[in-house]
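A, B, ... follow the sequence lines: proteins, then strands. Residue 1 opens every chain.
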2 protein chains.
Amino acid sequence: MARAGLTADRVVEAAADLADEVGFGNITISALARRFGVKDASLYSHVKSVQDLRTRVAVLAARDFAERINAAIAGRAGRDALTAFAHAYREFALKHPGRYAATQMEISPEVLARSPGHRSLIEAPPAMLRAYGLAEPDLTDAVRLLRSAFHGYVVIEASAGFRHSRPVRTSWERGLDALHIALENWPSSSREGIARG
Amino acid sequence: MARAGLTADRVVEAAADLADEVGFGNITISALARRFGVKDASLYSHVKSVQDLRTRVAVLAARDFAERINAAIAGRAGRDALTAFAHAYREFALKHPGRYAATQMEISPEVLARSPGHRSLIEAPPAMLRAYGLAEPDLTDAVRLLRSAFHGYVVIEASAGFRHSRPVRTSWERGLDALHIALENWPSSSREGIARG
DNA sequence: GTAAATTCCTAATATACCTAGGCAGGGTGG
DNA sequence: CCACCCTGCCTAGGTATATTAGGAATTTAC
């Protein structure tokens, strides 16, 4: 009978699409096999296990995500870069919830070493903040706050956590303004750092 | 033979403990039954399904979480309340990862109506921010930023996402300082709101 | 055009979810 | 005090998913 023409890459790509539809945590070998019209066992020629599949999806998703992020912040600095980063971040997370969740999966150092996307995603925030003139360890602290705020935002938004009437997009913009102010008035390790109220 | 003495409450409590050990997404009827030394089918006298079990755990966890949060911010205002809230938040999330994850689960309006814990958790942040004098819609925006930052932080910390050498706790304190500054210099809807650098 | 490699299959095991129906033990009415 | 019944827990069984072993068929390579 006609073969489905599976390859590891095609399987992983389809898994990523599936993740965007049903959630990263809900991708199964069975569903993927059904999608290709083959038996479950057939997929094991291409991926070792569900866990392996998830990891590969994570690597793929990180590559895609990093691509968007890097395109967004290229040639920008300061507030401009912050805004561009944030919009690219939110857009990707909302458009590709499965892939986005995949990028947040915990991965081993070995996988990290082979995933340019993940490394790129780690390097982007500090690069983006360069124009704010923060030195270590403030830079690390600031990056952590931003990562947290962005991740928290899209996670809560994606899970329908903002039930209010106020448009989420507007709150997001205001939050960015506030973060910009925090970055410009960063409480460096020495002083108390209270700006005017 | 001797009965295990199960009740819905006891089952849900044990499920919450199990969630703290293996993760909220990994609680199973089977594991819970093993823990009680009964057969899987026996649990269905007390909960309708895994989904029902999860929802009940979410309600229980929200109650516990709200208790800690409310105790922490009672009688405090402004930065003092912010700090207390943040520490209670982080501590609960790290100490009870399964319960914390449960509180973040999407729940239906009907469940929400019957979960005082959830309602309390929704009401706490705006109450805590009262002393910052933010009016709507700024208050909503500020609450969203805080919820995002806190949630993002503990999620990333719990999944070992902060690989740097800088202590997470210290970054968390600095992030709080920065958020405090953002709150005191909140960019209200009318002006551009840039504080001194 | 045959040999090797690879794709996909059947078959089988293990675990989890869930339903239907049964037995027995502890509280309740006579 | 004892028969009764409610209900906690059980056995049995049907479904889905993950995974392995080994075989057949198709593609590829020489």
Side-chain angles (χ1 to χ4, degrees), chain A residues 1-61 97-98 101-102 105-108 111, chain B residues 1-61 97-98 101-102 105-108 111:
Chain A
M1 68 197 67
R3 294 194 175 182
L6 302 189
T7 66
D9 283 350
R10 210 172 296 188
V11 167
V12 172
E13 183 108 15
D17 291 343
L18 181 62
D20 281 337
E21 292 166 30
V22 304
F24 180 62
N26 296 324
I27 57 182
T28 72
I29 296 283
S30 303
L32 203 52
R34 270 194 297 278
R35 175 158 302 204
F36 279 115
V38 301
K39 299 293 173 182
D40 295 11
S42 305
L43 292 186
Y44 287 87
S45 309
H46 307 285
V47 298
K48 276 200 277 292
S49 64
V50 206
Q51 198 45 50
D52 178 47
L53 178 64
R54 282 188 213 285
T55 302
R56 286 165 184 260
V57 170
V59 171
L60 172 76
M105 189 185 91
E106 195 176 341
I107 60 170
S108 69
V111 175
Chain B
M1 68 198 71
R3 295 194 176 181
L6 302 189
T7 66
D9 283 351
R10 209 172 296 189
V11 167
V12 172
E13 182 109 16
D17 291 343
L18 180 61
D20 282 338
E21 292 166 30
V22 305
F24 180 63
N26 295 323
I27 56 182
T28 75
I29 297 284
S30 304
L32 203 52
R34 270 194 297 275
R35 175 158 303 202
F36 278 114
V38 302
K39 299 294 174 182
D40 295 10
S42 305
L43 293 187
Y44 287 88
S45 311
H46 307 283
V47 298
K48 277 200 277 291
S49 64
V50 209
Q51 197 44 49
D52 178 46
L53 178 64
R54 283 187 213 286
T55 303
R56 285 165 184 261
V57 170
V59 172
L60 171 76
M105 189 184 90
E106 196 175 342
I107 60 170
S108 70
V111 175

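Sorted by first and then second residue, the salt bridge (Lys or Arg N to Asp or Glu O under 4.0 Å) pairs involving residues 8-19 of chain A (not counting sequence neighbours) are Asp17(A)-Arg99(A).
Proximity of residues 10-30 of chain A to DNA chain C (heavy atom under 4.0 angstrom from any strand atom) is not detected for any residue. Shown for residues 36-54 of chain A: residues whose heavy atoms fall under 4.0 angstrom of DNA chain C, namely Val38(A), Lys39(A), Ala41(A), Ser42(A), Ser45(A), His46(A).
Looking at residues two or more places apart in sequence or on another chain, you find a salt bridge (Lys or Arg N to Asp or Glu O under 4.0 Å) between Asp52(A) and Arg56(A). Under the rule for a salt bridge (Lys or Arg N to Asp or Glu O under 4.0 Å), the partners of Arg35(A) that lie at least two apart in sequence or sit in another chain are Glu21(A). In terms of the side-chain contact (heavy atoms from CB on, under 4.5 Å) criterion, residue partners of Val22(A) (sequence neighbours excluded) are, by chain and number, Leu18(A), Asn26(A). Remark: Val59(B) engages Val111(B), Ser115(B) in a side-chain contact (heavy atoms from CB on, under 4.5 Å) (not counting sequence neighbours). Residues passing the side-chain contact (heavy atoms from CB on, under 4.5 Å) test with Ala14(A) are Leu32(A), Phe36(A), sequence neighbours excluded. By the side chain to side chain donor-acceptor pair (under 3.5 Å) test, Asp40(B) pairs with Ser30(B), sequence neighbours left out.
Taking CG of Leu43(B) as the start and NZ of Lys48(B) as the end, the distance is 14.5 Å to the nearest 0.5 Å.
An OP1 or OP2 oxygen of dT17(D) is reached within less than 4.0 angstrom by a side-chain nitrogen or oxygen of Arg34(A).
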